Amino acid sequence: MTHPPRRWGCGELLLLCMFLGTLCETGSGQIRYSVPEELEKGSFVGNIAKDLGLEPEELVERGVRVVTRGRTQLFSLKPRSGSLVTADRIDREELCAQSARCLVSFNILVETKMKIYGVEVEIIDINDNFPRFRDEESKVKVNENAAVGTRLVLPFARDADVGVNSLQSYQLSSNLHFSLDVISGTDGQKYPELVLEQPLDREKEAAHDLLLTALDGGDPVLSGTTHIRVMVLDANDNPPLFTQSEYRVSVPENIPVGTRLLTLTATDPDEGINGKLTYSFRNEDDKISETFQLDSNLGEISTLQSLDYEESRFYLMEVVAQDGGALLASAKVLVSVQDVNDNAPKAILTSLTSSLSEDCLPGTVIALFSVHDGDSGENGEIACSIPRNLPFKLEKSVDNYYHLLTTKALDREEISDYNITITVTDHGIPPLSTENHISLKVTDVNDNPPAFPHASYSTSLPENNPRGISIFSMTALDPDSGDNARVTYSLVKDTFQGVPLSSYVSINSDTGVLYALQSFDYEQLRDLQMWVTASDSGNPPLSSNVSLSLFVLDQNDNVPEILYPALPTDGSTGVELAPRSAEPGYLVTKVVAVDRDSGQNAWLSYRLLKASEPGLFSVGLHTGEVRTARALLDRDALKQSLVVAVRDHGQPPLSATVTLTVAVADSIPEVLADLGSIKTAADPYDSGLTLYLVVAVASVSCVFLAFVIVLLALRLRRWHKSHLLQASGDGLAGLPVSHAVGMDGVRAFLQTYSHEVSLTADSRKSHLIFPQPNYADTLISEESCEKSDPLLISDKINASKKEPGVVQQAPPNTDWRFSQAQRPGTSGSQNGDDTGTWPNNQFDTEMLQAMILASASEAADGSSTLGGGAGTMGLSARYGPQFTLQHVPDYRQNVYIPGSNATLTNAAGKRDGKTPAGGNGNKKKSGKKEKK
């Protein structure tokens, strides 16, 4: 009969933990705890964080974990509390069997420090196992002639617990013939024996039934029972006898299965069945019966399975020899197992770094591993090694742990991967070894900047390129890998002519291709200097710069621009005067043109395309001077039309044309008289004015006076508008464009002999001239050329000149004279002022036009200051209407244009060979005009 094991309550377990569980001893790096068995999973064992000198939250940060070898993990860490707890229910008897102390050893790894701590936990036994007999019922035979005091061996019980909780005593049920005696063996086991107290009488009682109870020393006491049936046999007075009380044998662990180890011999002097012996194991455990086999007749012991020194170093068993008369004898058998070098050493990786940065310092830990050999003695001694040609070394740590360290700096660009072979060899004969392979990848560090193949680059691009066109491609190489080798390109921020460089060009950040963001013009931009930066994507990024020069190539994309004669804004054509007495070679005018291109694209040539009188005029090929080719005849028409073409030398060449009108006359009145015979289509406004003038002359003076008042109001309005334009910063917007004679629909306004003449296309019908004394220094505004009234009153105009808003003209500057060497010639042969510049805005252009057209008035105005007298520009009457541009800097080596700020005034010219008349002369002529 057995009693069920008593379960511990929570309070009792907690009390037991308080007394036994949290005792730890730390010394020489070893941490010790004790804990009772059969605790629930997660039960507290000890404060490992405190014993390691860490805070609980540091367990996870430092990678603290339990490292066990070759068995199920019994304990685990509780990161929040820093406690060591049970990983499952622990059974001491399963772990340590009958050992007096049950110690479980494992290691604690602090991964960040690569440090190992040994931990030893003692499992305290509790009374959780009751004594147990192997068989619930046993039979014992005894001879009926057995003497009083005869001892009969009884089956003994086994208790898995140890110490006080183990088997302590036996009890026998009450009877008349037998008593119980307990004998303690050398192994500490208690063996019950049945002692015969009174003689037996088989005839009275052939069998005796007894109850044997085994008791332990726990609290409460646990017990186990077995039924003993004592069979009384016939008399057999000689028991068997072994030749030795203890047999010993030593065998190597690698013997084959079925090998006979030894033969036991026992003798019995009895005869018959009482002398026949049978052999058997007595109270053998399962491990013995599974490993060895005993021949019951021969007494031979052989192996049923292979032996393993590492599993069990010796086997102790008891063999019983029993005769047919139930007498028996027992002998001890001790089988010792000898170690053989049959286990190859093993290396177990505990911690491994699969990748390592190339900038790591020498001595960096790569791996932590332990070595183990199941053999013992020299067979279990281990040596570790790695190849010598690698930048690594092995360093022994605690117990059987080794560190794999670096010995020097690594360079990924040289070797990016390492395959490290760790060889573990024991000292057995023959030695056994194993190899472990560790793959280590060297990770890249951004230690190499991108590099361009060349120190600088240059490229060219024709002007007028399409927007977005690819200009140039460059590539930088980076020996790093991944993002550290991914190169991006950019332009260094800079400005060109006050404009950001990024508005001209852009670069593809991935491919390094340079694109044009706008169409380049060689005349504005000839070259562009920039810096290209190649940056990798590392952290921090590395970069390098290279200079790139972009040259713009000129294309013939600019048509020659004709500066003189300039076309009036009202659409009329300027008229040049040529006297009928002009000799062959007489300079009539000069066509001035420029080309914004450069080189041969800007070389200009002039030629006469069309003339109303072929052979009368010629044009200089390189100078553009229009000269008479022969003497003028009376039959030559008053109006001569010339078409002059200006062409550059580009490929293909570009050209421009200009139409010149030359009036052939000896004097201005002759020109005016002849112009009246030319009928052109007049606009409705001028026709109306002419009609009013005719009516005014024929009508009464009151009508004429009213018309004058209307005209004065119009002049005041135009003056007010001009004053507003001057106030807005465009002071010269109203300067005159041309003083010319209008013919065939072209209006010309000439200022001659101090008279202002207003003509219409139908001048034969009406021609009014009003005296205007002292009016020689006033230039007719551009507005008056566009919409000219037929009546001009000098008094009103003189009044307008006195207004404060009108800027008075300054006297001519004596520095603005031309020498004889500066007379008209080829554009390339002039000695201009290097400080002059080509007009770059509307104001300067209109001023230049006014100066050019003012010079054309020499032919008609006797008070012009452009004559050859002292204080003038030194132009003769021959060059009077053709304004020479000798004092202007060379624009693209083409033409010189005057850039002086001197104010032009009208003075007497020398074209007609007359002496300039003063103010009085003008008044006299005005009087003559009035009489007419």
Side-chain angles (χ1 to χ4, degrees), residues 24-33 46 48-49 51-54 58-71 73 75-77 84 103-121 343-357 360-388 390-410 418-427 431-440:
C24 74
E25 179 182 354
T26 304
S28 303
Q30 190 77 9
I31 302 174
R32 293 186 175 88
Y33 300 98
I48 192 68
D51 297 332
L52 293 177
L54 302 174
E58 291 183 299
L59 295 182
V60 176
E61 296 175 359
R62 296 180 177 271
V64 179
R65 57 189 176 93
V66 177
V67 179
T68 60
R69 182 185 66 209
R71 63 169 57 186
Q73 185 170 328
F75 302 94
S76 62
L77 295 176
L84 181 68
L103 299 176
V104 177
S105 298
F106 55 94
N107 295 312
I108 295 293
L109 169 65
V110 181
E111 192 155 3
T112 57
K113 295 182 177 180
M114 292 291 185
K115 192 170 183 181
I116 291 291
Y117 294 90
V119 179
E120 189 177 81
V121 180
N343 292 286
K346 297 180 181 179
I348 302 173
L349 283 174
T350 304
S351 180
L352 173 64
T353 300
S354 60
S355 62
L356 195 63
S357 176
C360 67
L361 298 176
T364 302
V365 179
I366 300 172
L368 174 66
F369 63 94
S370 61
V371 294
H372 173 71
D373 195 322
D375 298 321
S376 62
E378 290 187 355
N379 297 330
E381 295 180 3
I382 302 172
C384 300
S385 63
I386 59 173
R388 295 184 177 180
L390 298 179
F392 307 105
K393 68 176 181 179
L394 292 175
E395 186 177 276
K396 186 173 177 56
S397 182
V398 297
D399 295 338
N400 292 326
Y401 283 88
Y402 287 84
H403 284 123
L404 179 61
L405 311 172
T406 60
T407 58
K408 64 179 182 179
L410 306 179
Y418 289 93
N419 189 11
I420 308 170
T421 302
I422 300 176
T423 303
V424 183
T425 307
D426 61 22
H427 293 172
L432 300 178
S433 63
T434 56
E435 292 183 350
N436 292 73
H437 299 279
I438 296 177
S439 295
L440 178 64

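For clarity, every value in this text was computed on a predicted model and none was experimentally measured.
Side-chain atoms of L77 and L84, non-hydrogen and from C-beta on, do get closer than 4.5 Å to each other. At least one side-chain heavy atom of P345 sits under 4.5 Å from a side-chain heavy atom of L432. Counting only heavy atoms from C-beta outward, the side chains of L440 and I366 approach each other to under 4.5 Å. The shortest side-chain heavy-atom distance between P362 and T407 does not fall under the 4.5 Å cut-off. Side-chain contact between I31 and I108: absent, with no pair of heavy atoms (C-beta onward) separated by less than 4.5 Å. No side-chain heavy atom of D373 sits less than 4.5 Å from a side-chain heavy atom of N379. Between F392 and I438, the closest side-chain pair of non-hydrogen atoms is not below 4.5 Å. I116 places none of its side-chain heavy atoms less than 4.5 Å from the side chain of S397.
The minimum heavy-atom distance between E61 and T112, with the atom names listed, is O-CG2, 3.6 Å. Of all the heavy atoms in H437 and T421, the pair that sits closest is ND1-OG1, 3.1 Å. In this structure, S385 and L394 approach most closely via the heavy-atom pair N-CD1, 3.8 Å. Here the shortest heavy-atom pairing between C384 and V371 reads SG-CG1, 3.4 Å. When every heavy atom of N107 is checked against every heavy atom of G118, the shortest pair comes out as OD1-CA, 3.6 Å. Between M114 and S351, the shortest heavy-atom contact is CE-OG, 3.6 Å.
Using modelled atom types, one side-chain atom of T406 and one backbone atom of L361 make a donor-acceptor pair closer than 3.5 Å. When atom types are taken as modelled, the side chain of D399 and the backbone of Y401 share no donor-acceptor pair closer than 3.5 angstrom. At distances below 3.5 Å, at least one donor-acceptor pair connects side-chain atoms of D375 with backbone N or O atoms of N343.
Rounded to the nearest 0.5 angstrom, Q30 CD and E120 CD are separated by 5.5 Å. Rounded to the nearest 0.5 angstrom, L368 CG and L405 CG are separated by 10.0 Å. Distance check, rounded to the nearest 0.5 Å: OH of Y402 to CD1 of I386 gives 12.5 Å. The CG atom of L349 lies 6.5 Å from the CG atom of N436; values are rounded to the nearest 0.5 Å. One distance of note links CD of E435 with CD1 of I422; it measures 10.5 Å at 0.5 Å rounding. We find the NE2-OG1 distance between H403 and T364 to be 12.0 Å, quoted to the nearest 0.5 Å.
Aromatic ring centres of F75 and Y33 lie farther apart than the 6.0 Å criterion allows.
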side-chain contact (heavy atoms from CB on, under 4.5 Å) between V64 and L52, intermediate numbers included: CA-CA 10 Å; V64 179; L52 293 177; 4.2 Å; yes

side-chain contact (heavy atoms from CB on, under 4.5 Å) assessment of H372 paired with V424: CA-CA 9 Å; H372 173 71; V424 183; over 6 Å; no

Taking it one step at a time, do Y117 and D51 satisfy side-chain contact (heavy atoms from CB on, under 4.5 Å)? CA-CA 10 Å; Y117 294 90; D51 297 332; over 6 Å; no

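In this structure, E378 places its CD atom where only 12 or fewer heavy-atom neighbours from other residues, nucleotides or ligands lie under 6.0 Å away. Atom NZ of K393 has 12 or fewer heavy atoms from other residues, nucleotides or ligands within 6.0 Å.
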